Trainee: 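Here it is, the structure, as structure tokens.
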Amino acid sequence: MLLSRLAQVSQEVAATSARSRKTALLAELFREAEPDDVPVVIPYLAGRLPQGRIGVGWKVLGDPVPPAAGPSLTVREVDALLTRLAKVSGPGSQAERARLVGELLGASTEAEQRFLRGLLTGEVRQGALDAVAVEGLAQATGAASADVRRAVMLAGSLQPVAGALLADGPQALERFRLTVGRPVQPMLAHSASSVAEAVGKLGVCAVEEKLDGIRVQVHRDGDTVRVHTRTLDDITDRLPEVTEAARGLDVERFILDGEVISFDGTGRPRSFQETAGRVGSRVDVVTAARETPVSPVFFDALSVDGRDLLDLPFAERHAELARLVPEPMRVRRTLVDGPDDLEAAERFLAETLERGHEGVVVKGLQAPYSAGRRGASWLKVKPVHTLDLVVLAAEWGHGRRTGKLSNLHLGARTADGGFAMLGKTFKGMTDAMLEWQTGRLREIAVDESGHTVTVRPELVVEIAYDGLQRSSRYPAGVTLRFARVIRYREDKRPEEADTVETVLAAHPEVRP
DNA sequence: TTCCGACAGTGGGGTCGCAAT
DNA sequence: ATTGCGACCCCACTATCGGAA
């Protein structure tokens, strides 16, 4: 199959907003693909490379390359070149990658170049990723879409399912079962704004502490232990403590879901930055493990002793977990008897925050483990802080925000009467707000360089955020975590905005 | 007919490892 | 030795489509 066909379909998919039409377009293409093309065509149209990320970003892609006059590349040729490219490493590798990319782009038409650039940066922006590809695959093969989706969750990715389906038809889906050693997509949580709201929705429930660490799925089969992240990357080699803990349990075969986090000498959780730095260390694991030891803390059991627990109610899965894992290695929790028992839930949240954790997750006791879904039966509740900050500048947006000033630079007042930037945000804005702020900010613009417009510090905006973290980038030595706009405060003047001093005082645990 | 769940998009900050400077 | 890039952790929120209610 020619790459130009994929580029054309991708363009058509991007051009329609109807999901049903996107699905139909993908299904048509999947039916056209020859068996040998399938392992490439499917991930490409889902916006991903079969090789995963291969060290090519905007810099390696470089400046525009004159396009070829007509299409000639086949998808298999492209895949072969990218496979070679992914293996390039060592001195001179950046130039070699750039050379190979240049070769590829030079042989591509303009439409193909657009598609390839999107694919390589992970930004195809066609309004269709895995979920639409799954639907298209179901349509192309006559399989039930729910069955395809479930197989993909259990396989951990689309490709093996696609290959099996197109080769053997819908009955091939039966081969995809929960298997120890093969990671499945983890269940995710929705947000709720309060414990009352969460308990109101779920009724009788468990309230569990939410640890601010790294999500892990741990598989043990005898002496073999594998540890995977939320995106199913294998991080076993970086976390010897987790392997050891898994081997120490009495049962030999299981899949557990949990979090790894580092505790200090007094049992307080270290900051997310410290835990994440440790988990990210790959070179000198021994030293990293000595300086920042991590502990696995589990909250769910997917499989125990060969029994698949996914479809059991959470209450039963947790009973299995409690039999297998000793209490210190489990997340703290309390059972709540529904909205009449709200006090117990509130008290547990307060105690959890007191212990230095992030918040709680409220979980329905009847729900199965919805692999890969953001199930409505898990609701996270975290305290939200707010500040009134001053807009110092804004950046022009991309994609659907092209032509709109989008990303705001946020400042707090300093002692000398100036402002210190605490971070940026593009979140929380409605289309109407984007429209309004674009106009308003242009009125008070004083400078424009690159894609940043600097403005007079006159507009006050109310910002929600999850906490402070250390920063080497910003002048106050701290930055806001997950900042988002709530509303503009046209009733407030910049002199009434919050100061750096008050921000720091609100978070005594964080020091610049 | 209205409501709501699921998706995609739009980017934020930090840290690590590696290659280039 | 320092800097820049890319990958991958954490993530919130809005708009939209289309099936559920």
Side-chain angles (χ1 to χ4, degrees), chain A residues 13-14 16-23 47 52-61 88-97 120-135 145 149 188-191 211-216 229-233 235 238 259-260 271-284 288 358 370 372-376 380 382 384 395 397-402 404 406-410 422-434 463-474 478-486:
Chain A
V13 167
T16 174
S17 65
R19 236 165 259 167
S20 48
R21 176 85 186 119
K22 291 178 193 283
T23 304
R53 306 287 313 162
I54 56 173
V56 176
W58 62 273
K59 183 69 181 180
V60 174
L61 279 168
V88 175
S89 69
S93 62
Q94 221 170 75
E96 176 63 4
R97 274 201 294 276
L120 287 164
T121 56
E123 297 177 336
V124 292
R125 296 173 204 247
Q126 58 180 13
L129 294 170
D130 264 24
V132 181
V134 164
E135 204 66 34
S145 64
R149 191 184 309 134
L188 306 171
H190 275 293
S191 293
L211 307 184
D212 199 5
I214 306 289
R215 180 85 176 264
V216 287
T229 63
R230 189 161 101 77
T231 49
L232 309 189
D233 279 13
I235 54 168
R238 302 182 220 165
E259 195 91 0
V260 293
S271 71
F272 173 76
Q273 283 170 303
E274 289 172 283
T275 293
R278 160 60 210 281
V279 175
S281 299
R282 281 160 285 185
V283 173
D284 187 358
E358 204 188 356
S370 329
R373 318 294 292 271
R374 220 168 259 288
K380 56 182 163 185
K382 297 187 284 185
V384 176
E395 296 170 22
H398 298 89
R400 71 184 299 279
R401 292 192 179 187
T402 300
K404 299 281 186 297
S406 169
N407 200 5
L408 304 179
H409 296 199
L410 306 168
L422 288 182
K424 307 182 192 178
T425 185
F426 57 93
K427 295 173 183 165
M429 296 151 189
T430 61
D431 287 0
M433 204 185 280
L434 281 164
I463 297 294
Y465 67 107
D466 277 21
L468 273 193
Q469 53 186 350
R470 279 218 183 108
S471 171
S472 56
R473 173 181 317 213
Y474 291 111
V478 294
T479 186
L480 306 179
R481 194 168 179 206
F482 310 140
R484 59 267 188 192
V485 172
I486 298 177

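In what follows, chains carry the letters A, B, and so on, assigned in the order in which the sequence lines appear, proteins first and then strands, with residues in each chain numbered from 1. Since we're looking at a predicted model, the values are computed, not measured.
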Trainee: On DNA chain C, compare the nucleotides closest to Leu61(A) and Ala483(A); which residue's is nearer the 5' end?
Mentor: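 Mapping each residue to its closest nucleotide by heavy atoms, the 5'-most match is Leu61(A).
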Trainee: So does Trp58(A) get a side-chain nitrogen or oxygen closer than 4.0 Å to the phosphate oxygens (OP1/OP2) of dG6(C)?
Mentor: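 Checking Trp58(A) against dG6(C): at least one side-chain N or O falls below 4.0 Å of OP1 or OP2.
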Trainee: Check every strand shown and say whether Leu211(A) touches a base, only sugar-phosphate, or nothing at a heavy-atom separation below 4.0 Å.
Mentor: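 The answer is nothing, as Leu211(A) stays clear of every strand by at least 4.0 Å.
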Trainee: Please tell me which of Arg481(A) and Gly92(A) maps to the more 5' nucleotide of DNA chain B, matching each residue to the nucleotide holding its nearest heavy atom.
Mentor: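 Of the two residues, Arg481(A) wins.
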Trainee: Side chain of Leu129(A), heavy atoms from C-beta onward: which of dG9(B), dC16(B), dG14(B) has the nearest atom to it?
Mentor: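 So the side chain of Leu129(A) is nearest to dG9(B).
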Trainee: Would you please confirm or rule out a distance under 4.0 Å between OP1 or OP2 of dC9(C) and any side-chain N or O of Thr229(A)?
Mentor: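 Checking Thr229(A) against dC9(C): at least one side-chain N or O falls below 4.0 Å of OP1 or OP2.
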Trainee: Could you work out which one of dC11(C), dG13(B), dT16(C) sits closest to the side chain of Arg400(A)?
Mentor: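 The closest nucleotide is dT16(C).
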Trainee: Could you state the NZ-C1' distance from Lys424(A) to dT10(B), rounded to the nearest angstrom?
Mentor: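 Rounded to whole Å, this separation is 13 Å.
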Trainee: Looking at residues at least two apart in the chain, or sitting in another chain, which of them share a ring pair (Phe, Tyr, Trp, His ring centres under 6.0 Å) with Tyr465(A)?
Mentor: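 Result, ring pair (Phe, Tyr, Trp, His ring centres under 6.0 Å) vs Tyr465(A): His385(A), His507(A).
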Trainee: Among the nucleotides dT10(B), dA8(B), dG14(B), which one has an atom lying closest to any side-chain atom of Thr479(A)?
Mentor: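 Closest nucleotide among those given: dG14(B).
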Trainee: At under 4.0 Å, does any side-chain N or O of Arg53(A) touch on OP1 or OP2 of dA7(C)?
Mentor: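 Result: yes.
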Trainee: In whole Å, I'd like the distance from the CG atom of Leu422(A) to the P atom of dG14(B).
Mentor: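 Checked: the CG to P distance equals 11 Å.
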Trainee: Is Ser406(A) close enough to dG11(B) that one of its side-chain N or O atoms is under 4.0 Å from OP1 or OP2 there?
Mentor: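 Affirmative; the distance criterion is met.
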Trainee: Considering just the side-chain nitrogens and oxygens of Gln94(A), establish if one lies under 4.0 Å of OP1 or OP2 belonging to dA20(B).
Mentor: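 Result: no.
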Trainee: For Gly52(A), which contact category applies under a 4.0 Å heavy-atom criterion: base, sugar-phosphate, or nothing?
Mentor: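 The residue Gly52(A) makes no contact with any strand.
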Trainee: Cation-pi check, Arg484(A) to Phe426(A): give yes when NZ or CZ is under 6.0 Å from the six-membered ring centre and within 45° of the ring axis, no otherwise.
Mentor: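 That pair does not qualify as a cation-pi contact.
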Trainee: To the nearest Å, give me how far apart CG (Asp233(A)) and P (dT15(B)) are.
Mentor: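 To the nearest whole Å, that distance equals 20 Å.
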Trainee: Tell me if the side-chain of Arg19(A) makes a donor-acceptor pair with the base of dT16(C), cut-off 3.5 Å, by modelled atom types.
Mentor: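 Donor-acceptor pair under 3.5 Å: yes.
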Trainee: Between Glu358(A) and Lys380(A), is the closest basic N to carboxylate O distance under 4.0 Å?
Mentor: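 Not counted as a salt bridge, because no side-chain N and carboxylate O are separated by less than 4.0 Å.
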Trainee: On the nucleotide dA8(B), are OP1 or OP2 found under 4.0 Å from the side-chain N or O atoms that Lys22(A) carries?
Mentor: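 Result: no.
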Trainee: Once you round it to whole Å, what is the distance between C1' of dC10(C) and CG of Leu480(A)?
Mentor: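 One finds 15 Å between C1' of dC10(C) and CG of Leu480(A), rounded.
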Trainee: In whole angstroms, how far is the C1' atom of dG9(B) from the CG atom of Asp130(A)?
Mentor: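 Those two atoms, CG and C1', are 15 Å apart.
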Trainee: Charged N to carboxylate O under 4.0 angstrom, Asp233(A) versus Arg238(A)?
Mentor: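 Between Arg238(A) and Asp233(A) there is no salt bridge, as every charged N stays at least 4.0 Å from the carboxylate O atoms.
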Trainee: Nearest to the Pro91(A) side chain among dC8(C), dA20(B), dG11(B), which nucleotide is it?
Mentor: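 Ranking dC8(C), dA20(B), dG11(B) by closest atom to the Pro91(A) side chain puts dA20(B) first.
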Trainee: May I ask you to say what Ala464(A) touches in the nucleic acid, namely base, sugar-phosphate or nothing, with a heavy-atom cut-off under 4.0 Å?
Mentor: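 Nothing, no nucleic acid heavy atom in range.
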Trainee: Once you apply a heavy-atom cut-off of 4.0 Å, does Val132(A) come out as touching a base, just sugar-phosphate, or nothing?
Mentor: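 Touches sugar-phosphate only.
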Trainee: Kindly point out which of dG12(B), dG11(B), dG14(B) is positioned nearest to the side chain of Ser471(A)?
Mentor: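 Side chain of Ser471(A) sits closest to dG14(B).
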Trainee: More 5' along DNA chain B: Arg278(A) or Glu395(A), using each one's nearest nucleotide?
Mentor: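 It is Glu395(A) whose nearest nucleotide is closer to the 5' end.
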Trainee: Under 4.0 Å: is that the gap between some side-chain N or O of Arg230(A) and OP1 or OP2 of dC10(C)?
Mentor: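 Affirmative; the distance criterion is met.
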Trainee: Whether His398(A) contacts dG11(B) is assessed here as follows: a side-chain N or O lying under 4.0 Å from the phosphate OP1 or OP2. Is that the case?
Mentor: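 For dG11(B), OP1/OP2 do have a side-chain N/O of His398(A) under 4.0 Å.
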Trainee: Is it true that Arg400(A) and Asp431(A) have a side-chain N and a carboxylate O under 4.0 angstrom from each other?
Mentor: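 Asp431(A) and Arg400(A): salt-bridged.
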Trainee: More 5' along DNA chain C: Ser20(A) or Glu358(A), using each one's nearest nucleotide?
Mentor: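 Counting from the 5' end, the first nearest nucleotide belongs to Glu358(A).
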Trainee: Consider the side chain of Ser17(A), meaning its heavy atoms from C-beta on, and name the nucleotide among dA12(C), dA15(C), dC17(C) that approaches it most closely.
Mentor: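 So the side chain of Ser17(A) is nearest to dC17(C).
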Trainee: Considering only dC9(C), dG13(B), dG9(B), which nucleotide approaches the side chain of Tyr474(A) most closely?
Mentor: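 The listed nucleotide nearest to Tyr474(A)'s side chain is dG13(B).
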Trainee: Both distances under 3.5 Å, Watson-Crick or G-U wobble: report the partner of dC7(B), or none.
Mentor: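 Check on dC7(B): unpaired, no WC or wobble geometry under 3.5 Å.
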Trainee: Compare every heavy atom of Thr479(A) with every heavy atom of Gly423(A), then report the nearest pair and how far apart it is.
Mentor: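 Closest approach of Gly423(A) to Thr479(A): CA-OG1, 3.9 Å.
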Trainee: Expressed as a whole number of angstroms, how long is the span from Met433(A):CE to dG11(B):P?
Mentor: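 In whole Å, dG11(B) P lies 16 Å from Met433(A) CE.
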Trainee: Look at all strands and tell whether Gln126(A) reaches a base, only sugar-phosphate, or nothing, counting heavy atoms closer than 4.0 Å.
Mentor: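 Answer is sugar-phosphate: Gln126(A) comes under 4.0 Å of backbone atoms only.
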Trainee: With sequence neighbours excluded, tell me which residues meet side chain to side chain donor-acceptor pair (under 3.5 Å) with Arg19(A).
Mentor: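 Arg19(A) satisfies side chain to side chain donor-acceptor pair (under 3.5 Å) with no residue once adjacent residues are dropped.
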Trainee: Please tell me if Arg473(A) has a side-chain N or O lying less than 4.0 Å from either OP1 or OP2 of dG13(B).
Mentor: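 Arg473(A) to dG13(B) OP1/OP2: side-chain N or O found under 4.0 Å.
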Trainee: Is the shortest side-chain N to carboxylate O distance from Arg215(A) to Glu259(A) below 4.0 Å?
Mentor: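 Not counted as a salt bridge, because no side-chain N and carboxylate O are separated by less than 4.0 Å.
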Trainee: Determine: side-chain N/O of Thr231(A) to OP1/OP2 of dC9(C), distance under 4.0 Å, yes or no.
Mentor: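 Looking at the OP1 and OP2 atoms of dC9(C), one of them is under 4.0 Å from a side-chain N or O of Thr231(A).
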Trainee: Look at Arg125(A) and dT10(B) and indicate whether a side-chain polar atom (N or O) is within less than 4.0 Å of OP1 or OP2.
Mentor: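 For dT10(B), OP1/OP2 do have a side-chain N/O of Arg125(A) under 4.0 Å.
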Trainee: Nearest whole angstrom, please: distance from the C1' of dT15(B) to the CG of Asp212(A).
Mentor: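 In whole Å, dT15(B) C1' and Asp212(A) CG are 15 Å from each other.
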Trainee: Give the rounded distance in Å between these two atoms: NZ of Lys59(A) and P of dA7(C).
Mentor: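 Those two atoms, NZ and P, are 15 Å apart.
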Trainee: Reckon Lys382(A) touches a base, only the sugar-phosphate, or nothing at all at heavy-atom distances under 4.0 Å?
Mentor: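 Contact class for Lys382(A): sugar-phosphate only.
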